[in-house]
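These notes concern the structure reproduced below.
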Amino acid sequence: MEKMITYQIKGLVKEYPGFTLKIDDLTLYRGEIFCLLGPSGAGKTTLLRILNFLEEPTAGEVYYGGVKYTKENFNPPLEIMREITTVFQRPALLKESVWNNIIYPLKIRGQKVDREEVMAIVEELSIAQLLHRPCTTLSGGEAQRVALARALVFKPRVILLDEPTANLDPNNIRIIEDMMTKYMEKKPTVVWITHNHFQAKRVGDRICLLEEGRVVEINDKENFFTNPSQKRTREFLAGEMFY
Amino acid sequence: MSLLASLQEAIYLLVTRDPYVMDIIMVSLNVTGVALILSTLVGVPLGAFLGLTDFPGKPIVTALLYTGMGFPPVVIGLFTFLLLSSVGPLGHLGWLFSVKAMIMAQTIIAFPLVAGFTMAAVMAVDQNLIQQLKALGATRAQAAWAAIKEARIGVLVSIIAGFGGIISEVGAVMLVGGNIEGKTRVLTTAIVLETRKGNFGVAIVFGIILLAITFLANLAMLQLQERDLFAR
Ligand SMILES: Nc1ncnc2c1ncn2[C@@H]1O[C@H](COP(=O)(O)OP(=O)(O)O)[C@@H](O)[C@H]1O
Ligand SMILES: [Mg+2]
């Protein structure tokens, strides 16, 4: 079957004082998990923010759903914005109950809460016992699972994950990975930033190494880890595997 | 009149619900209530907007707001007086020496307090959260509303500050209201007048009532806050 294109990036430039992200050509497909690896400060989060249209580029084009967005029109209509979501590295929850947080995206869309559907996600993430708890009382792992549940209840087509399992214990990591694997049945486009090569190996379809704002290599998982095309990738993997 | 007699009179006036006293209480509650609602309706959205949005000239608007927060109310009274006087730009409204004029002056006095404290409270809301809400599909207005709710304790404090500014006001309401018996006389202006006339008993009654209203109103608002604190 032909792969369906979600994003196409052409000549993207994002400049910050002392930092430039430059991505000449990048295509993201429906139904894939695209893992972003790279050292801190490589520009991974910046790319994610652009993909979510939260930050406009300095130059270049982002095609989403076949429509061209440049810095002149980098604010897609609401219904497009509402197909895309990000789970940030630090879970940002409302000071309300877990349940109210989870259904927030449905409420702002004026959608009816389908209890069964929400509960399926809640059960999968093992947070049913937390539903009435104020979010201020959650542990890091619990908060991140709530944040993921909230990101999935409205069935986004694009899910951008910014190191969602950083600093979490293996059990939490497993729950989150299992949830995403299950959600892949809906064929979303997922970009997943991780520092953990083993995680990239487990969940990724394609892997991208970003360094100092430049793409070093984009490859399918097997080749990326066993037979990378770039010497720099090999060095990166060797150096980081050490830890 | 001795102090004891004054106290006796105070109790008598309160117990018999003297119509003169009742009138003044009603005008006070009316002016305070309406002015506080208007200040909140203007101040909270303005404060939230300033707290969440960057635009050219924002430092100037913010500086103006802070000036408004510390501006002598009597000067605002003078300004309102000139606006509403028969030769002023709003003279045709015929509001001078009416409750409307007092509400107008009180709102101008109080809304910067509400806006300023709301702005500070909303600015303290995690920027990450606001980004996150947009990433969940919130419109700007929906994100702003969520930020106000996040900052609810600070917003409540802003309304309490506005209330404090309004209920304690004397000079401005005296100027634009005229302290007319049965029409624009409120508790604070009545205290000034009665003290000057030597009617200490009546003045004390008004003082006690003013204190009681302020205390009860703050107690009620704190109750809201308390409920919220327990809900965490
Ligand atoms: N809003 C911003 N203003 C200025 N510089 C920024 C901003 N956001 C990110 N940067 C800079 O851009 C670079 C890349 O940041 P980021 O995309 O967060 O990296 P990563 O997520 O890969 O660790 C860093 O040097 C960072 O300091
Ligand atoms: Mg990052």
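On a predicted model such as this, the values are computed, not experimentally measured, just so you know. Reminder, nothing fancy here: chain letters follow the sequence lines and each chain counts from 1.
- Neither the backbone nor the side chain of Phe53(A) comes within less than 4.5 Å of any heavy atom in chain B.
- Each ring pair (Phe, Tyr, Trp, His ring centres under 6.0 Å) pair with one or both residues in residues 32-52 of chain B, not counting sequence neighbours, appears once here: Phe49(B)-Phe55(B).
- Under the side chain to side chain donor-acceptor pair (under 3.5 Å) criterion, Asn52(A) pairs with Thr86(A), not counting sequence neighbours.
- In this structure, a donor-acceptor pair under 3.5 Å is absent between the side chains of Thr189(B) and Arg185(B).
- Checked by atom type, the side-chain pair Glu83(A)/Tyr64(A) shows a donor-acceptor distance below 3.5 Å.
- Contacts with chain A (heavy atom to heavy atom, under 4.5 Å) involve these residues of residues 112-145 of chain B, listed by number: Asp126(B), Asn128(B), Leu129(B), Gln131(B), Gln132(B), Leu133(B), Lys134(B), Ala135(B), Leu136(B), Gly137(B), Ala138(B), Thr139(B), Gln142(B).
- When heavy atoms are compared at a cutoff of 4.5 Å, Leu160(A) does not approach chain B at all.
- With a 4.5 angstrom heavy-atom cutoff, Arg150(A) touches chain B via backbone and side-chain atoms both.
- With no hydrogens or angles considered, a side-chain donor-acceptor pair links Gln199(A) and Thr194(A) at under 3.5 Å.
- Annotation: side chain to side chain donor-acceptor pair (under 3.5 Å) contacts of Ser28(B) (sequence neighbours excluded): none.
- Heavy atoms of Leu94(A) lying under 4.5 Å from chain B belong to its backbone as well as its side chain.
- A donor-acceptor contact shorter than 3.5 Å links the side chain of Arg109(A) to the backbone of Pro105(A).
- With salt bridges taken as basic N to acidic carboxylate O contacts below 4.0 Å, none links Lys182(A) and Asp178(A).
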